[in-house]
Amino acid sequence: MFDVLQYSFIQNAFFASFFVAIIAAVVGYFLLIRGLTFAGHALSHIGFAGAAGAVLIGIDPVVGLLVFTIAAGIGIGMLGRVLKERDVTIGIFLTLALAFGILFLFLYRGYAEQAYSILFGTILGISTLNVIITAIFSIVVLGILFFLFRPLLFSSFDPEVAEARGVPVKILGILFLILVAITVSMSVQVVGVLLIFTLLVGPAATAMRLVKNPYFAIGIAMILGVIYSWVGIFIAVQTNLPVSFFIATLSFGTYVVVRIVEPILQKHYA
């Protein structure tokens, strides 16, 4: 059963999914407490347009993903100052990007297999070079988040007070969206654009229902994300079915169980 672990492409899948699950859990926690889940969803679709554009001009789709998502993240951060205004801004960026994506795919005369693979994830086909790139980006993002953790947490829970105390709330917001953009670009290799919420929101949402402490919640989200990814890969290899399906199912199932059990436990221990 465990003989598959000897193959290099399986090892690459496990390593890449580990780094992606870790960084997605941390970023996902802040996405939830900052009310930016729509932004995470939109950036993934904006990234697809970038991937299509990259295929059109003959470069790596991940480069297009990064360029489009980072540009959109900066734009959303600069133009969307309050929640209502931010959602409108995100929607405008999303529709424009989707229009460009349609145009790029129309202009491309070949079969855009690389761009379409972004929709569903290609974790079992990820190369050693992409694993290294994913690891580097993940470590950099984690390092920045570690450095900004306290002010980012403060501005997430109480932005008005944080701004009054001299915390650069707007700059932090823009920087965080750039980090979200990078995380989305890395995560789509595992679960694809259509299931990006699986790793960005699922583990963090479940963890936040189990514990209230930010450090514990992030730690649990990391563990859950890695478990979902590794178990999903292992089952997919045994069944020859899509990895993203199993990761999403595990994430959804765990969250539903926690939602059902949590009120019962609270009532019992109240």
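Every heavy atom of this structure was used, including side-chain atoms; hydrogens, water molecules and symmetry mates were not. Keep in mind that this is a model prediction, so the values were computed, not measured.
- Smallest separation of non-hydrogen atoms from Ala207 and Ala217: CB-O, 3.1 Å.
- Residues Leu43 and Gly73 come closest through the heavy atom pair CD2-N, 3.9 Å.
- Considering only heavy atoms from C-beta on, Phe30 comes within 4.5 Å of Ile33 through its side chain.
- Between atom CG of residue Leu175 and atom CD1 of residue Ile144 there is a gap of 6.0 Å, rounded to the nearest 0.5 Å.
- Residues Leu199 and Ser229 have side chains in contact (heavy-atom distance under 4.5 Å, counting atoms from C-beta outward).
- By the 4.5 Å heavy-atom criterion applied to side chains, Val27 and Phe176 are counted as neighbours.
- For the pair Thr254 (side chain) and Ser251 (backbone), a donor-acceptor distance under 3.5 Å is absent.
- Note that CD1 of Ile174 and CG of Leu179 are 12.0 Å apart. Values are rounded to the nearest 0.5 Å.
- By the neighbour-count criterion of 12 heavy atoms within 6.0 Å, atom CZ of Phe157 is densely surrounded, having more than that number from other residues, nucleotides or ligands.
- Here the side chains of Thr37 and Leu200 are not in contact, with every heavy-atom distance at 4.5 Å or above.
- Between Leu153 and Tyr29, some side-chain heavy-atom pair lies under the 4.5 Å cut-off.
- The distance from atom CE of Met208 to atom CD1 of Ile220, rounded to the nearest 0.5 Å, is 12.0 Å.
- Atom OG1 in Thr134 sits 10.0 Å away from atom CG in Asn12 (nearest 0.5 Å).
- Between Phe246 and Ile233 there is no side-chain heavy-atom pair separated by less than 4.5 Å.
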Where do Ile10 and Val237 land on the side-chain contact (heavy atoms from CB on, under 4.5 Å) test, with the steps shown first?
CA-CA 9 Å; Ile10 297 295; Val237 171; 3.4 Å; yes
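- The shortest distance between side-chain heavy atoms of Leu145 and Ile23 falls below 4.5 Å.
- The two residues Gly47 and Thr69 make their nearest non-hydrogen contact at CA-CG2, 3.6 Å.
- Considering CD1 of Ile171 and CG of Leu148, their distance stands at 11.0 Å, rounded to 0.5 Å.
- Annotation for Pro159 and Ser156: closest pair CD-O, 4.2 Å, computed over non-hydrogen atoms.
- Taking every heavy atom of both residues into account, Pro203 and Ala221 meet most closely at CB-O, 3.4 Å.
- No more than 12 heavy atoms of other residues, nucleotides or ligands lie within 6.0 Å of CZ in Phe15, so this atom counts as exposed by the packing criterion.
- Nearest heavy-atom pair across Ile247 and Gly232 is CG1-CA, 4.2 Å.
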Kindly list each side-chain donor-acceptor pair under 3.5 angstrom involving residues 91-105, sequence neighbours excluded, with atom names and distances?
from  : atom 1 : to    : atom 2 : distance (Å)
Thr95 : OG1    : Gly91 : O      : 3.1
Thr95 : OG1    : Ile92 : O      : 2.9

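- Pro151 has its side chain within reach of Leu172: a pair of non-hydrogen atoms, C-beta onward, lies under 4.5 Å apart.
- Every ring pair (Phe, Tyr, Trp, His ring centres under 6.0 Å) that Tyr215 has, sequence neighbours left out, goes to Phe149.
- Applying the ring pair (Phe, Tyr, Trp, His ring centres under 6.0 Å) criterion to Phe14, with sequence neighbours excluded, gives Trp230.
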